[in-house]
Structure formats: structure tokens, C-alpha cells
Amino acid sequence: MTANTPAHAATPWYRQFWPWFLIALPGAVVIAAFVTFYIANRHADDLVVDEYYKEGLAINRRLAKQQRARDLGIDATLTIGPQSLRLYTTGPVADPVLSLSLAHPMEADRDFQLSLARHPDGGYTAPLSAAIAPHWHWSLENRGDVTWRVEGSLSAQDFSAIDSDN
């Protein structure tokens with residue numbers, strides 16, 4: 001090193017602060033982009049149905065079943081306890097078993113179906129296999145010759161203490 005050479009010129013570039021600082025900024029952005037991409041793919045919302053074409057074809061059948069329930073005057077009231085669900089219907093419903101589908105508004109993997117058995121008091125009951133909360137959507141269907149469908153969503157009034165022995 002000569003007397004006229006500055007001290008920072010003698011050190012190689014990889015030992016200086018500013019080149020690493022300028023490399024670290026875009027490097028951090030690239031890493032953040034990969035992390036964001038991973039999170040978006042791993043925890044995607046289930047707001048769109050995978051088989052939308054089949055769902056579109058089936059919507060007319062579903063609407064016809066709902067209209068049939070309105071024509072027959074069929075309606076349903078749900079009461080949910082800690083371990084069981086009780087359902088009461090109005091209208092000409094005499095089926096021994098009804099099918100109830102409970103759908104989470106955003107997570108399709110939490111959806112499930114229950115078979116409701118007729119109770120001696122005229123209602124239908126089933127044990128709950130998973131915890132549910134308000135804002136879940138439900139649909140009730142029968143399995144008879146004249147099929148109908150009733151839909152609704154759970155609200156806070158639907159939750160109460162039910163005797164699990166009944």
C-alpha cells in the first residue's frame with residue numbers, strides 16, 4: 001500500500017458494508033415473496049367451490065326442492081346443545097330419518113353431515129360429532145319419494161342447553 005492510496009481501497013468489496021446492504025434489500029424481498037407464496041397456497045380460503053360447473057347444474061334441482069318445501073309448508077327450527085342437536089319441523093314431515101348438512105362459511109374441511117332420527121316427541125335428534133358456532137349454514141333434506149329441502153344459517157338463539165339423555 002502506498003501513501004497516496006486510501007485505506008478502504010485496499011480492502012476487498014466483500015468486506016465492506018455497503019455492497020452487502022444493497023444485496024440484502026432485494027434478497028429480503030425475494031425471501032418475503034416466497035414466504036407469502038407458501039402461506040397463500042397452504043392456507044387458501046375455500047370460498048370457491050372446486051367443481052363449480054357441477055354445482056351450477058345442480059342448483060336448479062336444489063331450487064326445485066326448496067320450492068317444494070315452501071309449497072308443502074315445511075320449515076325447521078334447530079336447537080343446539082353442547083353434545084346434541086334437536087330439530088323440530090312444521091308441515092307434513094313424517095320421515096323416520098332426515099339428513100342435515102352443516103357447512104362452515106369459510107373452511108370446507110370443517111363441513112359435516114348428520115342423520116337425524118325421529119324422537120317420540122315429534123322432533124329429530126342427533127349427537128354432534130364436532131363443535132359448531134353461529135353463522136354456520138345448514139340444509140335439511142328428506143330421503144323419501146317426494147324430496148324437499150330447507151336451508152338456513154345458525155344464529156346465537158339456536159344455542160341452548162339440551163338434555164343429552166332425551
Should we say atom CZ of Phe17 is surrounded by more than 12 heavy atoms from elsewhere, each under 6.0 Å from it?
yes
Flag yes if more than 12 heavy atoms outside His135 fall under 6.0 Å of its NE2 atom; otherwise flag no.
no
[X] and [Y]: which non-hydrogen atoms are nearest, and at how many Å?
{"X": "Trp136", "Y": "Arg110", "result": "CH2-O, 3.5 Å"}
{"X": "Pro19", "Y": "Gln16", "result": "CD-O, 3.7 Å"}
{"X": "Glu107", "Y": "Asp111", "result": "O-OD1, 3.6 Å"}
{"X": "Ser153", "Y": "Trp138", "result": "N-NE1, 3.5 Å"}
{"X": "Arg149", "Y": "Ala69", "result": "O-CB, 3.4 Å"}
{"X": "Pro127", "Y": "Leu114", "result": "O-CD2, 3.6 Å"}

Are the side chain of [X] and the backbone N or O of [Y] linked by a donor-acceptor pair below 3.5 Å?
{"X": "Tyr124", "Y": "Thr89", "value": "no"}
{"X": "Arg118", "Y": "Ala94", "value": "no"}
{"X": "Asp75", "Y": "Thr90", "value": "no"}

Taking side chain as C-beta onward, heavy atoms only, is [X] less than 4.5 Å from [Y]?
{"X": "Val93", "Y": "Asn142", "value": "no"}
{"X": "Leu100", "Y": "Leu78", "value": "yes"}
{"X": "Asp71", "Y": "Gln67", "value": "yes"}

Side-chain heavy atoms under 4.5 angstrom apart, residues restricted to Ile, Leu, Val, Met, Phe, Trp, Tyr: same cluster for [X] and [Y]?
{"X": "Leu87", "Y": "Leu72", "result": "yes"}
{"X": "Tyr14", "Y": "Ile23", "result": "yes"}
{"X": "Leu85", "Y": "Tyr88", "result": "no"}
{"X": "Tyr38", "Y": "Val35", "result": "yes"}
{"X": "Phe112", "Y": "Val150", "result": "yes"}

Among Arg68, Glu141, Arg61, the one residue meeting side-chain hydrogen bond (donor to acceptor under 3.5 Å, both in side chains) with Thr147:
Arg68
Take Arg143 and Ser115, measure what side chain to side chain donor-acceptor pair (under 3.5 Å) needs, and give me the verdict at the end.
CA-CA 11 Å; Arg143 300 176 182 167; Ser115 290; 3.1 Å; yes
Scan side-chain atoms only and decide if Ser101 and Gln113 contain a donor-acceptor pair under the 3.5 Å cut-off.
yes
